[in-house]
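Each chain gets a letter, A, B and so on, in the order its sequence line appears, and its residues count up from 1. Only heavy atoms go into these numbers, but all of them, side chains included; no hydrogens, no water, no symmetry mates.
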There are 2 protein chains.
Amino acid sequence: MPVTIKDIAKRTGKSITTVSRALHGYDDVSPETREMIVRTAEEMGYTPNLLAQRLQKQRTDTLGFILPTFGPRFSDPFFSEFLAGIGNTAGEYGYDLLVSTQPPGEKELEIYRKKVMGRQVDGFIVVRTRCHDPRIQLLREMGTPFVAFGRTEDDLDYPFVDEDGAAGMSMLVEHLLKLGHRRIAYISPPLEYTFARDRLRGVQETLTAAGLALPEDYLVFGDLTQRSGLAEAARLLNLPEPPTAIIAGNDLMAFGAMSAVQQRGMQVGRDIAVAGFDDTPMAETAHPPLTTVHQPIYKIGRMITEMLIKIIQGEPLESTQIILKPQLIVRQSCGE
Amino acid sequence: MPVTIKDIAKRTGKSITTVSRALHGYDDVSPETREMIVRTAEEMGYTPNLLAQRLQKQRTDTLGFILPTFGPRFSDPFFSEFLAGIGNTAGEYGYDLLVSTQPPGEKELEIYRKKVMGRQVDGFIVVRTRCHDPRIQLLREMGTPFVAFGRTEDDLDYPFVDEDGAAGMSMLVEHLLKLGHRRIAYISPPLEYTFARDRLRGVQETLTAAGLALPEDYLVFGDLTQRSGLAEAARLLNLPEPPTAIIAGNDLMAFGAMSAVQQRGMQVGRDIAVAGFDDTPMAETAHPPLTTVHQPIYKIGRMITEMLIKIIQGEPLESTQIILKPQLIVRQSCGE
DNA sequence: GAGGACGGCCAAAACGTTTTGGGAGATAAT
DNA sequence: ATTATCTCCCAAAACGTTTTGGCCGTCCTC
């Protein structure tokens with residue numbers, strides 16, 4: 001039903017070859033013929049069949065991205081922003097984006113394999129790397145181009161962009177120390193994520209350097225959601241000697257922690273300090289506005305996508321392993 | 001480089017046809033040959049080339065979804081949840097999901113057209129319909145299967161799922177009236193969206209029915225972000241006679257409104273009531289927990305995807321236009 | 001006027017599948 | 001012995017492109 005190149009050939013009386021070449025601006029077709037072909041193609045509403053094009057070209061011009069969803073109430077500002085970054089960039093470069101949703105686990109790898117081996121994508125974007133990330137190992141084995149957001153702890157050589165979470169936490173802890181806090185607790189994301197270890201290390205090292213430590217009961221673990229931030233903060237506040245400052249491993253848990261504080265009638269920023277990590281858009285308009293470490297998620301999405309496209313196209317990269325310096329954003333949630 | 005069906009044929013000494021048929025379980029190949037072929041295919045690590053398969057089958061098994069992003073700091077829990085719904089469902093049914101990001105406007109329609117005409121997708125999911133939605137008109141014209149989240153005001157016959165926003169707002173307003181509120185303000189999303197008119201109508205009609213009205217200066221407009229909720233609520237609170245209750249057209253703006261209230265040292269739920277719409281996961285853990293109207297976004301994503309797949313596969317639908325009854329979720333942000 | 005260069009065009013192969021329409025040989029029915 | 005019916009298999013066409021290699025004139029050059 002749709003118009004093919006063959007239809008145009010028939011209509012113009014030219015060969016398929018000539019039509020194809022005319023439409024692609026080759027110079028071995030005369031200007032008049034080209035003009036004529038282009039015009040009829042337009043009239044007939046021709047759009048190339050991308051499947052056929054790709055089969056022939058042996059390239060898909062498609063990037064793969066697997067969204068690690070957790071349960072139905074999946075809602076993380078991190079991902080919408082990141083997705084916007086990679087989506088926009090891919091679009092600008094003429095690439096499509098194939099998105100799958102899959103919680104980490106067994107079937108996850110199967111999807112990666114199938115998309116690659118089925119030649120559905122030219123490359124992958126991997127997000128939220130884990131310490132020993134099977135996805136990275138698989139992609140390396142298969143020789144598929146990919147770029148990751150985050151490092152692993154295996155000493156693998158692969159392209160990534162990451163933010164120096166340890167440095168970020170360090171800045172944050174120093175800030176709190178300077179404000180006089182001595183009892184600082186930390187709600188950590190699950191340690192299977194590399195960024196979680198990284199951030200925890202930053203907290204611990206900075207405290208140690210200051211002659212303090214992170215006591216065992218001041219280190220609790222959440223699952224990155226607001227709900228768990230609330231629950232864990234509540235536990236911290238119930239301690240016989242509760243902390244005067246709570247750092248959360250991401251903004252979402254920090255918001256939860258703020259709610260926990262407020263639920264007991266205390267005031268965030270005055271009675272107790274709360275800080276996050278990520279600087280999601282909500283951090284600015286929360287009450288009180290959240291002190292946090294900025295992570296340019298959108299920009300990282302763009303960078304990763306551009307790197308991946310360059311790799312796919314065989315262009316050289318200036319640097320394949322980029323670690324961004326974090327930036328501390330001081331707002332009111334830790335007081336003055 | 002990758003293994004093709006031809007390689008298997010060569011290795012097994014059978015024809016391409018037989019290999020293909022064996023792998024698809026046709027019964028005109030003997031059990032022994034089939035077994036042998038399947039085994040070697042596995043040994044050789046064969047994965048069918050989906051491009052070729054699709055070109056031949058004239059189906060893509062892919063659904064299209066265009067994420068309407070607004071600027072780099074795009075972050076809306078609505079979309080992550082919706083995306084999870086459609087992504088999971090598509091995956092279960094063996095469909096891929098092709099996601100583009102594109103702000104509404106000129107180029108938007110071009111993308112829809114290209115994906116359809118380029119035979120990249122079998123159908124589309126349209127989200128956040130507008131009153132006169134050019135996307136719907138285009139898709140209808142092209143005869144592409146699609147299902148929308150939301151209605152339009154043109155009287156077009158197309159499949160959709162929507163929630164009865166007017167009824168939801170009605171319940172919310174009644175709740176506030178019952179609590180004694182008489183000065184109720186509304187922060188509306190842009191009226192180009194059908195759901196915005198719907199919700200506004202619900203607010204106005206219910207107030208009118210109660211012998212009240214929505215005065216002009218109590219009706220303000222935000223852009224669905226938390227930031228604009230904060231700004232507009234601030235304007236409302238600056239009025240000579242400020243409202244005692246603020247309803248926001250979505251949760252995100254409600255959170256902003258809550259911040260605005262708290263910034264002036266007032267207490268949400270005691271000094272002033274704030275309510276939202278959507279019941280995003282954050283509503284539950286905000287402080288105070290937000291009274292809002294529940295919208296089962298994940299489930300709607302699932303429903304829409306299932307409907308679309310049925311349409312594509314030519315199966316009959318029980319109902320093509322579904323309007324869900326909303327549910328009021330009373331929490332503490334409007335007091336007792 | 002022979003040789004070469006060039007401009008404009010095209011047939012055919014290729015990409016990796018699935019499907020169509022048989023065909024060969026064995027067994028069963030007449 | 002002929003015909004019919006299976007069982008197992010295959011060659012070739014098709015899906016819609018791009019690319020390869022070459023062909024046929026015309027125009028120039030010596």
Side-chain angles (χ1 to χ4, degrees), chain A residues 1-38 40-41 44-62 94 96 114-122, chain B residues 1-38 40-41 44-62 94 96 114-122:
Chain A
M1 203 54 165
V3 185
T4 76
I5 225 173
K6 207 186 276 181
D7 301 327
I8 304 180
K10 206 163 290 171
R11 179 86 84 94
T12 57
K14 298 296 175 183
S15 77
I16 289 183
T17 311
T18 306
V19 173
S20 173
R21 300 188 75 90
L23 292 175
H24 287 283
Y26 282 69
D27 62 355
D28 64 351
V29 22
S30 77
E32 306 90 55
T33 332
R34 172 182 8 272
E35 210 270 326
M36 189 256 269
I37 288 178
V38 169
T40 39
M44 300 177 72
Y46 170 72
T47 322
N49 182 323
L50 287 174
L51 255 47
Q53 235 170 20
R54 289 171 174 178
L55 175 60
Q56 154 66 29
K57 288 215 162 147
Q58 296 288 81
R59 288 184 330 190
T60 65
D61 289 337
T62 301
D96 285 325
K114 213 172 121 195
K115 302 269 181 243
V116 170
M117 301 303 278
R119 271 127 299 176
Q120 278 195 81
V121 302
D122 290 337
Chain B
M1 205 52 169
V3 186
T4 75
I5 225 174
K6 206 185 278 182
D7 300 328
I8 304 180
K10 205 163 290 172
R11 180 85 84 93
T12 57
K14 298 295 174 183
S15 78
I16 290 183
T17 311
T18 306
V19 174
S20 173
R21 300 190 74 91
L23 291 175
H24 287 282
Y26 282 69
D27 63 354
D28 65 350
V29 22
S30 76
E32 306 88 56
T33 338
R34 177 191 356 277
E35 210 271 325
M36 189 256 266
I37 287 177
V38 169
T40 38
M44 300 175 73
Y46 169 72
T47 321
N49 182 322
L50 287 174
L51 255 47
Q53 237 170 18
R54 289 170 174 180
L55 176 59
Q56 154 66 31
K57 287 214 163 145
Q58 296 288 79
R59 290 184 329 190
T60 65
D61 289 337
T62 301
D96 285 325
K114 213 171 122 194
K115 302 270 181 243
V116 170
M117 301 303 278
R119 271 128 300 177
Q120 278 195 83
V121 301
D122 290 338

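Across all their heavy atoms, A:Asp7 and A:Thr4 have their closest contact at OD2-N, 2.9 Å. Scanning both residues, A:Leu23 and A:Tyr46, for their nearest heavy atoms gives CD1-CE2, 3.7 Å. B:Ile37 and B:Ala22 make their closest contact through CD1-CB, 3.7 Å (heavy atoms, listed as atom of the first residue, atom of the second, distance). Closest approach of B:Ser15 to B:Ala9, counting heavy atoms only: C-CB, 4.0 Å. Nearest approach of A:Tyr26 to A:Arg34, heavy atoms of both residues: O-NH1, 2.9 Å.
Taking 4.5 Å as the limit, some side-chain heavy atom of B:Leu51 sits within range of a side-chain heavy atom of A:Thr60. Between B:Asn49 and A:Leu55, the closest side-chain pair of non-hydrogen atoms falls below 4.5 Å. The side-chain heavy atoms of A:Ile16 and A:Lys6, taken from C-beta on, include a pair separated by under 4.5 Å.
Using modelled atom types, no side-chain atom of B:Arg11 and backbone atom of B:Ala41 make a donor-acceptor pair closer than 3.5 Å. In this structure, B:Arg119 contributes its side chain and B:Met117 its backbone to a donor-acceptor pair below 3.5 Å.
From one end of the helix from C:dG1-D:dC30 to C:dT30-D:dA1 to the other, with five pairs defining each end axis, the axis direction shifts by 60° (rounded to 10°).
Under the rule for a salt bridge (Lys or Arg N to Asp or Glu O under 4.0 Å), B:Asp122 has no partner lying at least two apart in sequence or in another chain.
Near DNA chain C, meaning a heavy atom under 4.0 Å away, the residues from residues 44-61 of chain A are A:Leu55, A:Gln56, A:Gln58. For DNA chain D, the neighbouring residues in residues 14-29 of chain A, judged by any heavy atom under 4.0 Å, are A:Ile16, A:Thr17, A:Ser20, A:Arg21, A:His24, A:Tyr26. Heavy-atom distances under 4.0 Å link DNA chain D to B:Ser30, B:Thr33 of residues 30-38 of chain B, given in residue order.
With salt bridges taken as basic N to acidic carboxylate O contacts below 4.0 Å, none links B:Arg54 and B:Asp61.
Contact footprint of chain A on DNA chain C: nucleotides with an atom under 4.0 Å from a non-hydrogen protein atom, first to last in 5' to 3' order, C:dG8 to C:dG16.
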